[in-house]
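Encoded as structure tokens, the structure appears first; notes follow it.
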Amino acid sequence: MTDAIVEPVRVVVVSGLSGAGKTTALKLLEDFGYEAVDNLPILLLRRLTLVEAEDSVTTANPTRRAIAIGIDSRTRDFQPDRVIALIGELKQRPDLSVQLLYFDCEDEVLLKRFTATRRRHPLAADRPVADGIAAERHLMKPLLLEADQIFDTSTVTLPELRQLLAAQFALDALPGLSIMVLSFSYKLGLPREADLVFDVRFLRNPHYDDRLRPQTGTDPAVAAYVAADPGYADFFAKLNDMVSTLLPRYAAEGKRYLTIAIGCTGGRHRSVVVAEALGRHLREAGQRVDIRHRDRDLANA
């Protein structure tokens with residue numbers, strides 16, 4: 001009698017800055033069917049994964065086959081180097097599939113969140129919140145550098161975060177690569193979660209057309225204006241060729257999620273047009289694609 005093949009237990013370690021969305025992410029993962037444990041003492045991490053892996057061999061319940069574990073600066077005995085070493089040890093085990101997620105956020109946004117909720121920062125009980133944010137950012141940097149996936153929640157809404165996590169971590173998600181095509185404004189900074197970044201500021205800019213300036217790249221008139229640039233067709237064809245060549249290689253490496261960022265000056269016109277066109281092209285090619293416009297709806301500067 002042939003032994004049944006047992007899939008590795010999926011273990012998602014969730015970490016990051018206080019106020020950046022770690023707790024929310026754990027709740028969402030729990031909604032997806034994970035067993036979620038927050039602030040687990042470091043010494044118990046190895047023991048928990050051993051118990052779950054043993055249970056997974058004898059149970060047919062898929063909710064027993066995935067764990068989400070929250071670890072951050074509040075965790076008892078927290079030392080970044082120990083956490084990294086332990087995660088590295090767990091990743092070597094064939095009975096586990098381990099990923100480290102890191103939730104980040106801009107300082108100004110974190111300050112607003114702490115002010116709105118009137119919460120104390122865990123590293124600044126008797127000091128300004130800004131001091132706690134700075135101290136925690138320094139403390140957590142080793143985990144940021146080791147993360148398998150970084151989520152910058154500075155401009156992400158709760159529905160968007162649910163969508164992002166579901167695409168990668170829902171237990172009933174289809175296998176293969178999920179793609180996010182993201183437009184953004186260079187004035188507001190590069191998306192930290194981007195795997196590939198393309199700059200389209202060389203295309204003709206609708207911002208200088210008084211009729212088109214109030215519109216965005218999802219309006220047909222703006223799309224037609226950008227597409228009429230003499231260099232657009234050649235650029236877009238090469239962009240498609242490059243992305244289509246890279247996608248199978250990423251999938252072969254086991255990557256589950258890919259973010260392709262398209263940037264222009266204001267994030268309202270050119271980047272939106274190209275992101276929409278690329279997303280449509282990839283969908284027509286059979287890829288699973290979401291399109292998000294990070295800065296499209298901000299005030300037109």
Side-chain angles (χ1 to χ4, degrees), residues 6-59 61-105 121-123 132-153 161 164-165 168-171 173 192-193 195 253-257:
V6 179
E7 293 288 333
V9 175
R10 197 165 187 185
V11 179
V12 178
V13 180
V14 182
S15 191
L17 300 179
S18 301
K22 178 184 71 70
T23 300
T24 299
L26 281 172
K27 291 179 180 177
L28 291 173
L29 290 169
E30 190 171 29
D31 290 344
F32 300 156
Y34 288 72
E35 181 177 355
V37 183
D38 198 7
N39 284 323
L40 182 73
I42 304 302
L43 293 175
L44 298 181
L45 178 56
R46 184 186 294 106
R47 185 183 306 173
L48 176 63
T49 56
L50 283 170
V51 170
E52 291 296 329
E54 291 171 358
D55 285 350
S56 71
V57 176
T58 59
T59 181
N61 184 355
T63 62
R64 298 286 296 172
R65 298 183 54 78
I67 320 168
I69 302 170
I71 294 177
D72 61 18
S73 61
R74 300 170 299 159
T75 301
R76 182 187 300 177
D77 301 324
F78 178 77
Q79 296 177 25
D81 291 344
R82 291 181 61 196
V83 175
I84 292 169
L86 182 53
I87 291 174
E89 175 188 323
L90 297 178
K91 285 184 175 183
Q92 298 302 313
R93 286 173 45 184
D95 58 336
L96 301 178
S97 174
V98 181
Q99 286 182 285
L100 172 60
L101 311 188
Y102 188 94
F103 284 79
D104 202 353
C105 189
H121 193 281
L123 297 188
I133 293 173
E136 188 176 42
R137 191 176 292 282
H138 176 74
L139 176 66
M140 301 296 290
K141 187 174 181 180
L143 285 172
L144 170 65
L145 296 176
E146 292 292 329
D148 297 296
Q149 182 84 28
I150 300 171
F151 290 91
D152 185 339
T153 63
L161 181 59
L164 290 170
L165 291 175
Q168 302 181 66
F169 301 105
L171 299 178
R192 300 183 189 182
E193 66 271 30
D195 298 292
E253 288 295 317
K255 194 169 181 63
R256 296 190 181 100
Y257 195 81

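Numbers for residues simply follow the sequence, beginning at 1.
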What distance separates [X] [atom1] from [Y] [atom2], expressed to the nearest 0.5 Å?
X: Q99; Y: R10; atom1: CD; atom2: CZ; value: 6.0 Å
X: L144; Y: L100; atom1: CG; atom2: CG; value: 9.5 Å
X: L17; Y: D104; atom1: CG; atom2: CG; value: 5.0 Å
X: Y34; Y: F169; atom1: OH; atom2: CZ; value: 6.5 Å
X: L139; Y: L123; atom1: CG; atom2: CG; value: 6.5 Å

Legend entry - Derivation and outcome, side chain to side chain contact (heavy atoms under 4.5 Å, CB included), residues K91 and D148: CA-CA 12 Å; K91 285 184 175 183; D148 297 296; 2.8 Å; yes

Inset, instruction - Only counting residues at least two apart or in another chain, list the ones meeting side-chain hydrogen bond (donor to acceptor under 3.5 Å, both in side chains) with S97. - result: R256

Inset, instruction - Only counting residues at least two apart or in another chain, list the ones meeting side-chain hydrogen bond (donor to acceptor under 3.5 Å, both in side chains) with S18. - result: E136

Legend entry - Whether T153 side chain and G21 backbone form a donor-acceptor pair below 3.5 Å: no

Inset, instruction - Check whether any side-chain N or O of D72 sits under 3.5 Å from a backbone N or O of S15 as a donor-acceptor pair, and report yes or no. - result: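 No.
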
Legend entry - Partners meeting salt bridge (Lys or Arg N to Asp or Glu O under 4.0 Å) with D38 (sequence neighbours left out):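 Once residues adjacent in sequence are excluded, the partners of D38 under the salt bridge (Lys or Arg N to Asp or Glu O under 4.0 Å) criterion are K22, R74.
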
Inset, instruction - Output all residues satisfying salt bridge (Lys or Arg N to Asp or Glu O under 4.0 Å) with E146, sequence neighbours left out; order by chain, then residue number. - result: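 Result, salt bridge (Lys or Arg N to Asp or Glu O under 4.0 Å) vs E146: none returned.
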
Inset, instruction - Check V37, V13, I87 against I71 for a side-chain contact (heavy atoms from CB on, under 4.5 Å) and give me the one that passes. - result: V13

Legend entry - For Q79, all residues meeting side chain to side chain contact (heavy atoms under 4.5 Å, CB included), sequence neighbours excluded: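 Counting only residues at least two positions away or on another chain, Q79 forms a side chain to side chain contact (heavy atoms under 4.5 Å, CB included) with R82.
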
Inset, instruction - Would you please name every residue forming a side chain to side chain contact (heavy atoms under 4.5 Å, CB included) with K141, sequence neighbours left out? - result: L145

Inset, instruction - Output every pair passing ring pair (Phe, Tyr, Trp, His ring centres under 6.0 Å) with a member in residues 85-104, not counting sequence neighbours, ordered by first then second residue. - result: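 Listed by first then second residue: F103-F151.
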
Legend entry - Side chains of D95 and V9 in contact at under 4.5 Å (non-hydrogen atoms):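 Result no, sub-4.5 Å side-chain heavy-atom pair not found.
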
Taking all heavy atoms of [X] and all of [Y], pick out the closest pair and write down the distance.
X: P142; Y: I84; answer: O-CD1, 3.5 Å
X: S73; Y: F78; answer: CA-CD2, 3.9 Å
X: L161; Y: T24; answer: CD2-CG2, 4.1 Å

Side-chain donor/acceptor pairs under 3.5 Å, residues 25-32, sequence neighbours excluded:
| unit_1 | atom_1 | unit_2 | atom_2 | d |
| --- | --- | --- | --- | --- |
| D31 | OD2 | R162 | NH2 | 3.3 |

